[in-house]
Amino acid sequence: MQVFMLFIGTMLLVIGVKLIYDARLIVNKYFSVNDRNSATIVLKITGTICVFIGAIFVSKYL
């Protein structure tokens, strides 16, 4: 169970960092011109939340 939770935490960290750094590229690929700024903000906030949850998992089960 501990290894599984470490894996989930690590994956959340990776996904969160990817969302934070590549939010603009992801938005340009999948959204229309009108929604770019708000969608970028939403992706960066989602990435930050994923990083926090992943860090909690990794620190708790390490």
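Position 1 is the first residue of the sequence, and the numbers go up from there.
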May I ask whether [X] and [Y] are part of the same hydrophobic cluster, defined by side-chain heavy atoms of I, L, V, M, F, W, Y residues being less than 4.5 angstrom apart, directly or through others?
{"X": "Val42", "Y": "Tyr30", "answer": "no"}
{"X": "Val58", "Y": "Ile20", "answer": "yes"}
{"X": "Ile15", "Y": "Leu6", "answer": "no"}
{"X": "Met11", "Y": "Val3", "answer": "no"}
{"X": "Val27", "Y": "Leu25", "answer": "no"}

- If you measure from CZ on Phe52 to CD1 on Ile56, what distance do you get to the nearest 0.5 Å?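 It is 8.5 Å, given to the nearest 0.5 Å.
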- Query: Rounded to the nearest 0.5 Å, how far apart are OG1 of Thr48 and CG of Leu43?
  - Reply: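 That separation rounds to 10.5 Å.
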- Nearest atoms (heavy-atom pairs only) where Gly16 meets Cys50: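 Between these two residues, the closest heavy atoms are CA-CB, 3.8 Å.
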- Task: Write down the atom of Leu13, the atom of Val51, and the distance for their closest heavy-atom approach.
- Result: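 Taking Leu13 first and Val51 second, the nearest heavy atoms are CD2-O, 3.5 Å.
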- Message: Checking the side chain of Asn28 only, and the main-chain atoms of Arg24 only, is there a donor and an acceptor separated by less than 3.5 Å?
- Response: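 Side chain of Asn28 to backbone of Arg24: a pair is present.
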- Message: Which residues pass the side chain to side chain contact (heavy atoms under 4.5 Å, CB included) test with Ile53, not counting sequence neighbours?
- Response: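 Ile53 satisfies side chain to side chain contact (heavy atoms under 4.5 Å, CB included) with Leu12, Ile49, Phe57 only.
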- Query: Tell me the side chain to side chain donor-acceptor pair (under 3.5 Å) pairs involving residues 8-18, sequence neighbours left out?
  - Reply: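 Listed once each, the pairs are Lys18-Asp22.
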